[in-house]
Amino acid sequence: MNNFTFCSPTKFVFGRGVTDTVGAELAEAGYRRALIVYGQGSVVRTGTLDRVKASLDAAGVSHVELGGVRPNPEIALVREGAALAEREQVDIVLPVGGGSAMDCAKGIAIATGYTGDAWDFWSKKATVEHCLPIATVVTIPASGSEASNSCVISNDAEGLKSGCNSELIRPKIAFLDPELTFTLPPYQTAAGVTDMIAHIMERFFSGEPAVGATDNIACGLIRAAIDAARIVMDEPESYDARAELMWIGTLAHNGLAGCGLGIPGMRDGDWSCHGMEHEVSAVDPRITHGAGLAVIFPAWMRHVWKSHPERFLTFGAEVFGIEPIDPEVDDLSDIDEEITPERAVHDAVEATIDELQDFFVSMGMPSTLGELGIAEDDIDQMICGLRVNRGESFGTFRKLTLEDAREIYESAL
(Lines give C-alpha, C1' and ligand atoms only; values in the text may rest on other atoms or scores of the structure.)
Protein backbone atom coordinates (compact mmCIF):
# COMPACT_ATOMS: atom_id res chain seq x y z
CA MET A 1 0.00 0.00 0.00
CA ASN A 2 1.44 3.37 -1.04
CA ASN A 3 1.42 6.48 1.13
CA PHE A 4 -1.67 8.64 0.70
CA THR A 5 -3.51 11.63 2.08
CA PHE A 6 -7.27 11.31 2.41
CA CYS A 7 -9.18 14.53 2.95
CA SER A 8 -12.97 14.77 3.05
CA PRO A 9 -13.87 17.97 4.89
CA THR A 10 -17.32 18.32 3.31
CA LYS A 11 -20.37 18.16 5.57
CA PHE A 12 -22.98 15.94 3.90
CA VAL A 13 -26.65 16.63 4.54
CA PHE A 14 -28.42 13.62 3.03
CA GLY A 15 -32.04 12.51 2.70
CA ARG A 16 -35.62 13.40 1.92
CA GLY A 17 -36.41 17.08 2.12
CA VAL A 18 -32.92 18.35 2.88
CA THR A 19 -33.34 20.83 0.01
CA ASP A 20 -35.54 22.84 2.35
CA THR A 21 -32.81 23.06 5.00
CA VAL A 22 -30.21 24.83 2.83
CA GLY A 23 -30.88 28.27 4.27
CA ALA A 24 -30.80 27.13 7.88
CA GLU A 25 -27.56 25.22 7.38
CA LEU A 26 -25.83 28.14 5.66
CA ALA A 27 -27.03 30.61 8.28
CA GLU A 28 -25.83 28.36 11.09
CA ALA A 29 -22.43 28.18 9.41
CA GLY A 30 -22.27 31.99 9.37
CA TYR A 31 -22.92 32.74 5.69
CA ARG A 32 -25.01 35.80 4.86
CA ARG A 33 -24.99 36.32 1.07
CA ALA A 34 -24.97 33.57 -1.56
CA LEU A 35 -24.40 33.49 -5.30
CA ILE A 36 -26.73 30.82 -6.67
CA VAL A 37 -25.36 29.16 -9.82
CA TYR A 38 -27.55 26.91 -11.97
CA GLY A 39 -28.02 25.52 -15.47
CA GLN A 40 -30.40 25.99 -18.32
CA GLY A 41 -33.78 25.47 -16.76
CA SER A 42 -34.40 22.07 -15.18
CA VAL A 43 -34.04 23.31 -11.59
CA VAL A 44 -36.46 26.10 -12.49
CA ARG A 45 -39.02 23.81 -14.11
CA THR A 46 -38.97 21.30 -11.25
CA GLY A 47 -39.31 23.97 -8.57
CA THR A 48 -35.98 23.07 -6.93
CA LEU A 49 -34.56 26.57 -7.37
CA ASP A 50 -37.63 28.14 -5.76
CA ARG A 51 -37.33 25.77 -2.80
CA VAL A 52 -33.69 26.71 -2.29
CA LYS A 53 -34.43 30.44 -2.51
CA ALA A 54 -37.36 30.11 -0.11
CA SER A 55 -35.14 28.35 2.42
CA LEU A 56 -32.51 31.08 2.09
CA ASP A 57 -35.11 33.80 2.53
CA ALA A 58 -36.55 32.10 5.60
CA ALA A 59 -33.10 31.93 7.19
CA GLY A 60 -32.19 35.52 6.35
CA VAL A 61 -29.50 34.60 3.79
CA SER A 62 -29.63 37.08 0.90
CA HIS A 63 -28.80 35.90 -2.59
CA VAL A 64 -28.10 36.79 -6.20
CA GLU A 65 -28.36 34.46 -9.20
CA LEU A 66 -26.36 33.36 -12.22
CA GLY A 67 -28.16 30.96 -14.54
CA GLY A 68 -27.41 29.51 -17.94
CA VAL A 69 -24.58 27.11 -17.14
CA ARG A 70 -24.31 24.73 -20.09
CA PRO A 71 -23.05 21.13 -20.07
CA ASN A 72 -19.24 21.29 -20.14
CA PRO A 73 -19.24 24.82 -18.62
CA GLU A 74 -17.29 27.50 -20.46
CA ILE A 75 -14.75 29.95 -19.11
CA ALA A 76 -16.74 33.02 -20.23
CA LEU A 77 -19.46 32.33 -17.65
CA VAL A 78 -16.82 31.74 -14.98
CA ARG A 79 -15.43 35.20 -15.72
CA GLU A 80 -18.92 36.70 -15.59
CA GLY A 81 -19.70 34.92 -12.32
CA ALA A 82 -16.48 36.03 -10.66
CA ALA A 83 -17.20 39.65 -11.56
CA LEU A 84 -20.73 39.28 -10.17
CA ALA A 85 -19.46 37.69 -6.95
CA GLU A 86 -17.02 40.55 -6.40
CA ARG A 87 -19.58 43.20 -7.20
CA GLU A 88 -22.24 41.72 -4.92
CA GLN A 89 -19.76 40.82 -2.16
CA VAL A 90 -21.08 37.30 -1.70
CA ASP A 91 -19.53 35.10 0.96
CA ILE A 92 -20.50 31.70 -0.47
CA VAL A 93 -21.13 30.23 -3.92
CA LEU A 94 -24.14 27.88 -4.09
CA PRO A 95 -24.53 25.73 -7.22
CA VAL A 96 -27.89 24.03 -7.64
CA GLY A 97 -27.62 21.25 -10.23
CA GLY A 98 -25.23 18.63 -11.52
CA GLY A 99 -21.53 18.53 -12.27
CA SER A 100 -21.60 21.40 -14.76
CA ALA A 101 -23.21 23.83 -12.32
CA MET A 102 -20.87 22.69 -9.57
CA ASP A 103 -17.74 23.01 -11.70
CA CYS A 104 -18.78 26.43 -12.95
CA ALA A 105 -19.40 27.51 -9.35
CA LYS A 106 -16.00 26.18 -8.31
CA GLY A 107 -14.41 28.12 -11.16
CA ILE A 108 -16.17 31.28 -10.00
CA ALA A 109 -15.04 30.69 -6.41
CA ILE A 110 -11.43 30.28 -7.56
CA ALA A 111 -11.45 33.30 -9.88
CA THR A 112 -13.15 35.76 -7.52
CA GLY A 113 -10.60 38.30 -6.36
CA TYR A 114 -7.92 37.10 -8.80
CA THR A 115 -6.43 39.98 -10.78
CA GLY A 116 -5.38 37.95 -13.82
CA ASP A 117 -7.51 36.06 -16.33
CA ALA A 118 -9.58 33.22 -14.88
CA TRP A 119 -8.28 30.75 -17.48
CA ASP A 120 -4.83 31.02 -15.88
CA PHE A 121 -5.87 28.36 -13.37
CA TRP A 122 -6.69 25.84 -16.11
CA SER A 123 -3.72 26.70 -18.33
CA LYS A 124 -1.48 26.11 -15.28
CA LYS A 125 -0.22 29.70 -15.25
CA ALA A 126 -1.61 30.20 -11.74
CA THR A 127 -2.22 28.01 -8.69
CA VAL A 128 -5.22 28.26 -6.39
CA GLU A 129 -4.34 30.30 -3.31
CA HIS A 130 -7.78 31.66 -2.45
CA CYS A 131 -11.28 30.31 -2.94
CA LEU A 132 -14.69 31.46 -1.82
CA PRO A 133 -16.54 28.83 0.23
CA ILE A 134 -18.81 26.54 -1.79
CA ALA A 135 -21.98 24.67 -0.83
CA THR A 136 -23.79 22.42 -3.30
CA VAL A 137 -27.34 21.24 -3.90
CA VAL A 138 -26.90 18.13 -6.02
CA THR A 139 -29.60 17.24 -8.55
CA ILE A 140 -27.66 14.81 -10.76
CA PRO A 141 -25.53 12.07 -9.17
CA ALA A 142 -22.59 11.69 -11.53
CA SER A 143 -19.56 13.95 -11.26
CA GLY A 144 -18.96 13.69 -7.52
CA SER A 145 -17.98 17.35 -7.65
CA GLU A 146 -19.86 17.89 -4.39
CA ALA A 147 -16.94 16.26 -2.56
CA SER A 148 -14.00 16.38 -4.96
CA ASN A 149 -10.97 18.63 -5.25
CA SER A 150 -11.34 18.96 -9.02
CA CYS A 151 -12.96 21.40 -11.43
CA VAL A 152 -13.13 21.02 -15.23
CA ILE A 153 -13.82 23.99 -17.51
CA SER A 154 -13.95 24.41 -21.30
CA ASN A 155 -12.43 27.19 -23.37
CA ASP A 156 -14.22 27.30 -26.72
CA ALA A 157 -11.89 29.90 -28.20
CA GLU A 158 -8.92 27.58 -27.71
CA GLY A 159 -10.82 24.34 -28.30
CA LEU A 160 -9.72 23.02 -24.90
CA LYS A 161 -11.28 21.38 -21.87
CA SER A 162 -8.98 21.36 -18.85
CA GLY A 163 -8.97 20.48 -15.17
CA CYS A 164 -7.82 22.31 -12.08
CA ASN A 165 -7.24 20.59 -8.72
CA SER A 166 -6.92 22.05 -5.25
CA GLU A 167 -7.98 21.03 -1.77
CA LEU A 168 -9.32 24.57 -1.37
CA ILE A 169 -12.19 23.88 -3.78
CA ARG A 170 -13.76 20.99 -1.89
CA PRO A 171 -17.25 22.20 -0.94
CA LYS A 172 -17.96 23.02 2.69
CA ILE A 173 -21.48 21.55 2.65
CA ALA A 174 -23.26 19.22 0.21
CA PHE A 175 -27.03 18.74 0.19
CA LEU A 176 -28.02 15.36 -1.24
CA ASP A 177 -31.77 14.86 -1.66
CA PRO A 178 -32.46 11.67 -3.67
CA GLU A 179 -36.03 12.79 -4.43
CA LEU A 180 -34.63 15.54 -6.66
CA THR A 181 -33.39 12.83 -9.03
CA PHE A 182 -36.78 11.15 -9.63
CA THR A 183 -37.41 13.21 -12.75
CA LEU A 184 -33.98 12.69 -14.35
CA PRO A 185 -34.27 11.41 -17.94
CA PRO A 186 -32.92 7.88 -18.42
CA TYR A 187 -30.02 9.12 -20.57
CA GLN A 188 -28.81 11.51 -17.87
CA THR A 189 -29.18 8.83 -15.24
CA ALA A 190 -27.17 6.38 -17.34
CA ALA A 191 -24.45 8.92 -18.13
CA GLY A 192 -24.19 9.71 -14.43
CA VAL A 193 -23.82 6.06 -13.48
CA THR A 194 -21.12 5.65 -16.14
CA ASP A 195 -19.25 8.68 -14.82
CA MET A 196 -19.25 7.47 -11.22
CA ILE A 197 -18.10 3.98 -12.24
CA ALA A 198 -15.35 5.57 -14.34
CA HIS A 199 -14.17 7.61 -11.34
CA ILE A 200 -13.72 4.39 -9.39
CA MET A 201 -12.04 2.54 -12.27
CA GLU A 202 -9.52 5.35 -12.84
CA ARG A 203 -8.28 4.66 -9.34
CA PHE A 204 -8.58 0.87 -9.43
CA PHE A 205 -6.52 0.73 -12.63
CA SER A 206 -3.74 3.00 -11.36
CA GLY A 207 -1.03 0.48 -12.22
CA GLU A 208 -0.16 -0.01 -8.55
CA PRO A 209 -0.42 -3.36 -6.71
CA ALA A 210 -3.63 -4.48 -5.06
CA VAL A 211 -4.78 -2.93 -1.79
CA GLY A 212 -7.30 -5.33 -0.28
CA ALA A 213 -9.38 -2.85 1.71
CA THR A 214 -9.54 -0.26 -1.07
CA ASP A 215 -10.16 -2.85 -3.79
CA ASN A 216 -13.12 -4.18 -1.86
CA ILE A 217 -14.53 -0.67 -1.44
CA ALA A 218 -14.06 0.06 -5.13
CA CYS A 219 -15.54 -3.16 -6.48
CA GLY A 220 -18.37 -3.07 -3.95
CA LEU A 221 -19.32 0.45 -5.00
CA ILE A 222 -19.36 -0.58 -8.67
CA ARG A 223 -21.52 -3.63 -7.95
CA ALA A 224 -23.92 -1.49 -5.97
CA ALA A 225 -24.05 1.12 -8.77
CA ILE A 226 -24.87 -1.54 -11.36
CA ASP A 227 -27.61 -3.05 -9.19
CA ALA A 228 -29.18 0.33 -8.38
CA ALA A 229 -28.97 1.50 -12.00
CA ARG A 230 -30.89 -1.53 -13.21
CA ILE A 231 -33.63 -0.78 -10.71
CA VAL A 232 -34.03 2.92 -11.52
CA MET A 233 -34.21 2.22 -15.24
CA ASP A 234 -37.42 0.32 -14.52
CA GLU A 235 -38.53 2.24 -11.42
CA PRO A 236 -37.41 5.89 -11.74
CA GLU A 237 -38.97 6.82 -8.38
CA SER A 238 -37.39 4.04 -6.34
CA TYR A 239 -36.12 6.11 -3.44
CA ASP A 240 -33.70 3.50 -2.13
CA ALA A 241 -32.09 2.92 -5.54
CA ARG A 242 -31.84 6.66 -6.23
CA ALA A 243 -30.33 7.17 -2.77
CA GLU A 244 -27.76 4.43 -3.45
CA LEU A 245 -26.69 6.12 -6.68
CA MET A 246 -26.50 9.55 -5.08
CA TRP A 247 -24.23 8.34 -2.29
CA ILE A 248 -22.10 6.18 -4.61
CA GLY A 249 -21.54 9.19 -6.85
CA THR A 250 -20.11 11.06 -3.88
CA LEU A 251 -17.93 8.22 -2.60
CA ALA A 252 -16.66 7.50 -6.10
CA HIS A 253 -14.84 10.82 -6.32
CA ASN A 254 -13.96 11.99 -2.82
CA GLY A 255 -10.75 9.92 -2.86
CA LEU A 256 -11.90 7.01 -0.69
CA ALA A 257 -11.80 4.48 -3.55
CA GLY A 258 -8.17 5.28 -4.32
CA CYS A 259 -6.48 5.21 -0.90
CA GLY A 260 -3.14 3.44 -1.23
CA LEU A 261 -3.48 2.94 -5.00
CA GLY A 262 -2.06 6.27 -6.11
CA ILE A 263 1.55 7.22 -6.66
CA PRO A 264 2.69 9.70 -3.97
CA GLY A 265 3.03 13.18 -5.37
CA MET A 266 0.73 12.40 -8.30
CA ARG A 267 -3.02 12.04 -8.75
CA ASP A 268 -4.68 9.05 -7.10
CA GLY A 269 -5.20 7.08 -10.29
CA ASP A 270 -4.47 6.81 -13.99
CA TRP A 271 -7.00 9.33 -15.38
CA SER A 272 -6.08 8.65 -19.01
CA CYS A 273 -9.69 7.92 -19.95
CA HIS A 274 -10.95 11.14 -18.42
CA GLY A 275 -8.24 13.07 -20.21
CA MET A 276 -9.06 11.43 -23.53
CA GLU A 277 -12.80 11.98 -23.08
CA HIS A 278 -12.27 15.65 -22.27
CA GLU A 279 -10.91 16.07 -25.77
CA VAL A 280 -13.99 14.36 -27.21
CA SER A 281 -16.38 16.79 -25.51
CA ALA A 282 -14.04 19.68 -26.33
CA VAL A 283 -14.75 18.92 -30.01
CA ASP A 284 -18.49 19.05 -29.29
CA PRO A 285 -19.51 20.47 -25.87
CA ARG A 286 -22.98 18.95 -26.32
CA ILE A 287 -21.50 15.49 -25.72
CA THR A 288 -22.28 14.31 -22.20
CA HIS A 289 -19.13 13.38 -20.30
CA GLY A 290 -20.48 10.03 -19.12
CA ALA A 291 -21.53 9.06 -22.63
CA GLY A 292 -18.03 9.75 -23.90
CA LEU A 293 -16.54 7.70 -21.08
CA ALA A 294 -18.82 4.76 -21.96
CA VAL A 295 -16.95 4.59 -25.28
CA ILE A 296 -13.42 5.57 -24.27
CA PHE A 297 -13.01 3.37 -21.21
CA PRO A 298 -13.61 -0.02 -22.89
CA ALA A 299 -11.41 1.05 -25.83
CA TRP A 300 -8.61 2.02 -23.42
CA MET A 301 -9.02 -1.24 -21.52
CA ARG A 302 -8.57 -3.33 -24.66
CA HIS A 303 -5.41 -1.38 -25.49
CA VAL A 304 -3.68 -1.63 -22.11
CA TRP A 305 -4.84 -4.71 -20.20
CA LYS A 306 -1.80 -6.84 -21.03
CA SER A 307 0.38 -4.50 -18.95
CA HIS A 308 -1.30 -5.69 -15.73
CA PRO A 309 -3.70 -8.56 -16.50
CA GLU A 310 -3.96 -9.45 -12.81
CA ARG A 311 -5.87 -6.24 -12.11
CA PHE A 312 -8.38 -7.05 -14.81
CA LEU A 313 -8.79 -10.58 -13.49
CA THR A 314 -9.52 -9.20 -10.01
CA PHE A 315 -11.95 -6.67 -11.44
CA GLY A 316 -13.77 -9.30 -13.51
CA ALA A 317 -14.05 -11.70 -10.61
CA GLU A 318 -15.17 -9.15 -8.02
CA VAL A 319 -17.55 -7.11 -10.16
CA PHE A 320 -18.98 -9.63 -12.64
CA GLY A 321 -18.02 -13.03 -11.22
CA ILE A 322 -15.90 -13.83 -14.28
CA GLU A 323 -13.05 -16.29 -13.70
CA PRO A 324 -10.54 -17.74 -16.18
CA ILE A 325 -11.32 -21.26 -17.37
CA ASP A 326 -9.36 -23.88 -15.43
CA PRO A 327 -8.76 -26.96 -17.64
CA GLU A 328 -8.26 -29.11 -14.54
CA VAL A 329 -11.61 -28.19 -13.05
CA ASP A 330 -14.00 -26.89 -15.73
CA ASP A 331 -15.95 -28.96 -18.23
CA LEU A 332 -14.36 -28.28 -21.65
CA SER A 333 -16.48 -30.72 -23.66
CA ASP A 334 -18.06 -27.89 -25.67
CA ILE A 335 -14.71 -26.25 -26.48
CA ASP A 336 -12.91 -27.42 -29.59
CA GLU A 337 -9.53 -25.77 -29.09
CA GLU A 338 -6.90 -26.13 -26.42
CA ILE A 339 -7.22 -23.72 -23.51
CA THR A 340 -3.76 -22.62 -22.44
CA PRO A 341 -3.28 -20.49 -19.31
CA GLU A 342 -2.56 -17.50 -21.54
CA ARG A 343 -5.72 -18.10 -23.55
CA ALA A 344 -7.76 -18.47 -20.35
CA VAL A 345 -6.56 -15.10 -19.09
CA HIS A 346 -7.17 -13.45 -22.47
CA ASP A 347 -10.72 -14.78 -22.67
CA ALA A 348 -11.56 -13.81 -19.08
CA VAL A 349 -10.28 -10.25 -19.52
CA GLU A 350 -12.05 -9.77 -22.85
CA ALA A 351 -15.26 -11.15 -21.32
CA THR A 352 -14.91 -8.67 -18.45
CA ILE A 353 -14.53 -5.71 -20.82
CA ASP A 354 -17.44 -6.97 -22.93
CA GLU A 355 -19.61 -7.29 -19.81
CA LEU A 356 -18.81 -3.74 -18.74
CA GLN A 357 -19.53 -2.29 -22.17
CA ASP A 358 -22.72 -4.36 -22.50
CA PHE A 359 -23.90 -2.87 -19.20
CA PHE A 360 -23.28 0.66 -20.44
CA VAL A 361 -25.11 -0.08 -23.69
CA SER A 362 -28.02 -1.69 -21.81
CA MET A 363 -28.61 1.69 -20.15
CA GLY A 364 -28.66 3.50 -23.49
CA MET A 365 -25.05 4.61 -23.60
CA PRO A 366 -23.18 4.63 -26.95
CA SER A 367 -20.56 2.04 -27.86
CA THR A 368 -18.75 4.07 -30.56
CA LEU A 369 -17.56 7.63 -31.04
CA GLY A 370 -19.49 7.68 -34.29
CA GLU A 371 -22.73 7.53 -32.33
CA LEU A 372 -21.62 10.76 -30.65
CA GLY A 373 -20.95 12.45 -33.99
CA ILE A 374 -17.18 12.13 -33.76
CA ALA A 375 -15.42 11.27 -37.03
CA GLU A 376 -11.88 10.30 -37.95
CA ASP A 377 -11.24 13.89 -39.07
CA ASP A 378 -11.73 15.03 -35.46
CA ILE A 379 -8.90 12.91 -34.08
CA ASP A 380 -6.15 15.38 -34.98
CA GLN A 381 -7.88 18.08 -32.93
CA MET A 382 -8.25 15.70 -30.00
CA ILE A 383 -4.58 14.75 -30.17
CA CYS A 384 -3.62 18.44 -30.18
CA GLY A 385 -5.71 18.97 -27.06
CA LEU A 386 -4.11 15.99 -25.36
CA ARG A 387 -0.67 17.36 -26.14
CA VAL A 388 -1.57 20.66 -24.43
CA ASN A 389 -3.32 19.10 -21.43
CA ARG A 390 -1.37 15.87 -20.92
CA GLY A 391 1.91 16.23 -22.77
CA GLU A 392 3.64 13.80 -25.11
CA SER A 393 2.99 10.87 -22.79
CA PHE A 394 0.62 10.25 -19.89
CA GLY A 395 -0.96 7.59 -17.71
CA THR A 396 0.21 5.35 -14.86
CA PHE A 397 -1.38 1.97 -15.59
CA ARG A 398 0.59 2.05 -18.81
CA LYS A 399 2.44 5.07 -20.14
CA LEU A 400 0.62 6.11 -23.30
CA THR A 401 2.06 8.09 -26.17
CA LEU A 402 -0.01 10.31 -28.40
CA GLU A 403 0.20 7.56 -31.02
CA ASP A 404 -1.35 5.15 -28.49
CA ALA A 405 -4.11 7.70 -27.95
CA ARG A 406 -4.69 7.91 -31.69
CA GLU A 407 -5.01 4.13 -31.89
CA ILE A 408 -7.52 4.10 -29.02
CA TYR A 409 -9.61 6.83 -30.64
CA GLU A 410 -9.53 5.02 -33.99
CA SER A 411 -10.57 1.73 -32.38
CA ALA A 412 -13.54 3.49 -30.79
CA LEU A 413 -14.93 5.09 -33.97
Quiz item: Which pairs, with at least one residue in residues 211-226 and sequence neighbours excluded, count as a side chain to side chain donor-acceptor pair (under 3.5 Å)?
Solution: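 For residues 211-226, and leaving out neighbouring residues, the side chain to side chain donor-acceptor pair (under 3.5 Å) pairs sorted by first residue read Asp215-Arg311.
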Should the pair [X] and [Y] be assigned to parallel (<30°), tilted (30 to 60°) or perpendicular (>60°) ring geometry?
| X | Y | answer |
| --- | --- | --- |
| Tyr239 | Phe182 | perpendicular |
| Phe315 | Phe205 | tilted |
| His274 | His278 | perpendicular |

Quiz prompt | Gap separating the CD1 atom of Ile110 from the SG atom of Cys131, nearest 0.5 angstrom | solution =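 If we round to the nearest 0.5 Å, Ile110:CD1 and Cys131:SG are 5.5 Å apart.
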Quiz item: Under 3.5 Å, side chain of Glu74 to main-chain N/O of Ala76, donor-acceptor pair present?
Solution: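 It does hold such a pair.
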Quiz item: Okay, side chain of Thr136, backbone of Pro95: is any donor-acceptor separation there less than 3.5 Å?
Solution: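 It does not hold such a pair.
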Quiz item: Testing Asp378, Ile374, Leu293 for side chain to side chain contact (heavy atoms under 4.5 Å, CB included) with Val280, which one passes?
Solution: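 The residue from Asp378, Ile374, Leu293 that satisfies side chain to side chain contact (heavy atoms under 4.5 Å, CB included) with Val280 turns out to be Ile374.
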Quiz item: Do you know which of Asp354, Thr352, Asp358, Ile222 makes side chain to side chain contact (heavy atoms under 4.5 Å, CB included) with Phe320?
Solution: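 For Phe320, the side chain to side chain contact (heavy atoms under 4.5 Å, CB included) test succeeds with only one of Asp354, Thr352, Asp358, Ile222, which is Thr352.
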Anything under 3.5 Å between a donor and an acceptor, one on a side chain of residues 364-372, the other on a protein residue two or more places apart or in another chain? List them.
unit_1, atom_1, unit_2, atom_2, d
Ser367, OG, Glu371, OE2, 3.0
Thr368, OG1, Glu371, N, 3.3
Thr368, OG1, Glu371, OE2, 3.2
Glu371, OE2, Ser367, N, 3.0
Glu371, OE2, Thr368, N, 3.1

Practice problem: Over all heavy atoms of both residues, which pair between Phe6 and Asn254 is shortest? Give the atoms and the distance, please. | Solution: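 Scanning both residues completely, I find the closest heavy atoms to be CE1-O, 3.5 Å.
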Exercise. Tell me, please, which residues at least two apart from Tyr31 pass ring-ring contact (aromatic ring centres under 6.0 Å, His included).
Key: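 Per chain and number, Tyr31 pairs via ring-ring contact (aromatic ring centres under 6.0 Å, His included) with no residue.
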